[in-house]
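First comes the structure, then the notes that go with it.
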Amino acid sequence: MSCSTVCQAVASCMSIPNSTSRSPAVFSNTQKLDGALVFRSSVSYNRVNGFSSCRCSATTSVPPGEDVFSVVTSSTTSEVDYLGESTKGDLNLNFGIDGKALQGPVEEVAKMEAQEAESLLQHLGIPVPYNARHSPRGIFCSRTLNLRSISAIGYDMDYTLMHYNVMAWEGRAYDYCMENLRNVGFPVDGLAFDPDLVIRGLVIDKEKGNLVKADRFGYIKRAMHGTRMLSTREVSEIYGRELVDLRKESKWEFLNTLFSVSEAVAYMQLVDRLDKGVIGPDLCPNEYKGLYKAVGKALFRAHVEGQLKSEIMSKPELFVEPDPELPLALLDQKEAGKRLLLITNSDYHYTDKMMQHSFNRYLPNDMSWRDLFEMVIVSARKPEFFQMAHPMYEVVTGEGLMRPCFKARPGGLYSGGSAQMIESSLNVHGDEILYVGDHIYTDVSQSKVHLRWRTALICRELEEEYNALIHSQEERATLIDLINKKEVLGDLFNQLRLALQRRTKGRPAQTLAATHMEDNELTESMQKLLVVMQRLDQKIGPMLDEDGELFNKRWGYLSRAGLWDKSHLMRQIEKYADIYTSRVSNFLHYTPFMYFRAQEQNLAHDSYTFDHLRREEN
């Protein structure tokens with residue numbers, strides 16, 4: 001394989017196993033000089049298993065003792081690339097190479113090198129980034145992100161670093177919530193937790209006792225009152241003139257996270273009982289709004305009183321889904337120079353117990369979870385953690401004893417504090433920090449809005465939705481084909497209708513042929529078209545209702561509202577999350593040096609432009 005910058009990048013990131021090279025690429029010790037990491041290297045590969053390997057030492061003119069590569073580590077000396085991303089963390093060649101093999105038009109050179117790079121990646125058993133994106137465990141990019149320029153990565157814990165079994169965790173939260181409601185007189189006997197009743201991204205209408213699904217513009221597409229799905233006509237009558245506006249917090253409550261599932265299920269079930277009159281006004285003085293407040297209070301008590309978390313801590317294996325790849329993904333990031341942070345609202349004892357269970361058994365060399373993180377913040381009080389300063393305490397003993405602290409230091413374990421404290425302590429700011437969490441508002445929105453941190457959203461349901469979309473491709477293709485056929489029939493019907501309208505007014509039709517049509521021919525054609533379109537509507541309507549049932553029978557897909565439009569949830573993700581994925585361990589399938597590039601966003605007129613170009617070519 002000819003010498004190329006692609007091969008040099010591969011060589012700089014990994015050692016080729018002995019089975020594929022007699023002389024694996026190995027970098028000697030690195031040095032840090034004047035803000036730059038410097039690599040000394042002699043790279044040499046031989047032809048093995050049909051591959052002509054890179055022989056950089058033979059084509060690079062490097063004076064003895066000098067450095068081949070350097071990495072700028074200071075943001076003050078880095079520049080931005082043509083996409084506006086910082087070049088901090090990029091590798092630079094300190095010396096030129098004898099690039100005879102790289103001469104010629106860059107388009108041809110790049111094509112050849114890209115083909116050879118794909119072959120080498122395939123030979124090494126590493127998926128190319130394009131293929132990794134087209135996977136239920138891909139990392140999807142809304143806004144271009146150069147991971148090399150990120151100095152620190154902060155992580156939430158619950159439903160981010162560890163994923164709970166929703167039926168187990170939220171089921172027990174539901175049980176404790178219902179017990180608290182029973183203790184104050186609510187009739188909850190006979191009710192059971194049903195996680196399929198709701199999905200993330202729905203919105204509770206606290207004034208009407210409804211749960212709704214809105215599109216990206218806020219128009220409501222589906223709704224449920226209590227546990228009864230409303231018809232399309234009912235939705236139109238109730239919400240035809242109203243949009244979801246999440247700024248109206250007194251009316252709307254957005255289900256940001258899987259932690260919202262138990263609360264929403266309990267509320268919607270009790271709306272049914274309120275409608276039946278079995279819940280008196282003394283318990284709900286403000287009907288649906290009062291009921292929502294009562295449910296929220298009961299669930300809050302379940303979390304605060306500690307019984308729920310004590311049960312989980314005693315048997316974490318019943319509630320946490322293990323992920324052996326997760327600690328290794330973070331270890332890669334740490335060893336690549338990323339400063340890892342844990343920022344969680346959970347208290348110290350719960351955090352320590354759950355992190356030990358989820359991490360320690362999968363880490364090498366007797367490492368513990370604390371060894372991964374440069375700083376740990378418990379009881380962070382997000383979202384206020386990103387918005388304002390709170391008193392900070394240092395956790396100084398294994399039992400959780402704390403003392404007041406006015407300045408954080410790397411390696412510390414703290415309770416409270418603020419994001420500004422982290423920036424000051426680590427001397428990293430704004431877009432040098434990537435924060436990863438599962439809560440759209442508490443984690444992703446607020447860290448971006450107030451601090452301009454880069455953001456990543458964890459949404460485990462993406463895996464199930466991705467697979468559901470794959471398995472429904474044939475049905476969706478059939479549905480789209482029927483809709484397209486109706487559009488063609490409708491175009492003709494409308495033209496004939498206009499011709500008939502003009503004829504009744506004594507005016508000529510749009511074309512000479514339409515003007516010369518006999519009255520009975522015009523009428524019969526319209527009748528036939530109308531019958532066919534009505535039959536198509538009878539077929540298309542149920543198919544639209546069934547679209548997404550593989551994911552959720554009531555609400556359809558998480559990211560879609562209707563066949564083509566995005567859901568309100570997806571709009572929030574695109575607005576606030578630079579990248580999003582199903583689990584943190586998906587980073588293991590990439591590298592800590594990945595350049596995530598946002599994909600082209602199609603506009604409504606794009607298809608017409610492409611069709612016009614195709615017609616011109618033909």
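Positions are given from 1, in the same order as the sequence printed here.
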Q | Between Tyr557 and Ser472: side-chain donor-acceptor atoms closer than 3.5 Å | A | yes
Q) In terms of the angle between their ring planes, are Tyr466 and Phe140 parallel, tilted or perpendicular, with boundaries placed at 30° and 60°? A) parallel
Q) Would you say Leu341 and Met375 make side-chain contact, with heavy atoms under 4.5 Å? A) yes
Q. Is it true that Glu79 and Lys88 have a side-chain N and a carboxylate O under 4.0 angstrom from each other?
A. no
**Q.** Partner residues of Tyr164 under the ring pair (Phe, Tyr, Trp, His ring centres under 6.0 Å) criterion, sequence neighbours left out
**A.** Tyr159, Trp169
Q | Close side-chain approach of His589 and Ile126, heavy atoms under 4.5 Å | A | no
(Q) Check this for me: does any side-chain nitrogen of one of Arg454 and Asp431 sit under 4.0 Å from a carboxylate oxygen of the other? (A) no
Q. Any side-chain donor-acceptor pair under 3.5 Å between Ser447 and Arg452?
A. no
Q | Between Tyr155 and Gln333, a side-chain donor and acceptor under 3.5 Å | A | yes
Q. Is any NZ, NE, NH1 or NH2 atom of the basic residue among Asp196 and Arg554 found under 4.0 Å from an Asp or Glu carboxylate oxygen of the other?
A. no
Q: Measure from the ring center of Tyr435 to the ring center of Phe386 and say whether it is less than 6.0 Å.
A: yes
Q | Exercise: do Glu85 and Ser149 side chains pair donor with acceptor under 3.5 Å | A | no
Q) Does one side chain, of Lys575 or Ser445, offer a donor that lies under 3.5 Å from an acceptor on the other? A) no
Q) Is the shortest side-chain N to carboxylate O distance from Asp215 to Arg571 below 4.0 Å? A) no
Q | No-hydrogen, no-angle side-chain donor-acceptor test under 3.5 Å, Asn256 and Ser260 | A | no
Q) Judged by modelled atom types alone, do Asn586 and Thr581 share a side-chain donor-acceptor pair under 3.5 Å? A) yes
Q: Using distance alone, with no hydrogens and no angle criterion, decide if Asp578 and Ser142 have a side-chain donor and acceptor under 3.5 Å apart.
A: no
(Q) Checking Glu463 against Asn467: is there a side-chain donor and acceptor pair closer than 3.5 Å? (A) no
Q: Dump the intermediate steps for salt bridge (Lys or Arg N to Asp or Glu O under 4.0 Å) on Arg143 and Glu574, then the final yes or no.
A: CA-CA 8 Å; Arg143 179 189 170 205; Glu574 287 185 331; over 6 Å; no
Q | Polar contact flag, side-chain donor to acceptor under 3.5 angstrom, Asp323-Ser585 | A | yes
Q: Take Glu325 and Arg137 through the salt bridge (Lys or Arg N to Asp or Glu O under 4.0 Å) test and state the conclusion after the steps.
A: CA-CA 12 Å; Glu325 294 181 337; Arg137 293 192 58 181; 3.1 Å; yes
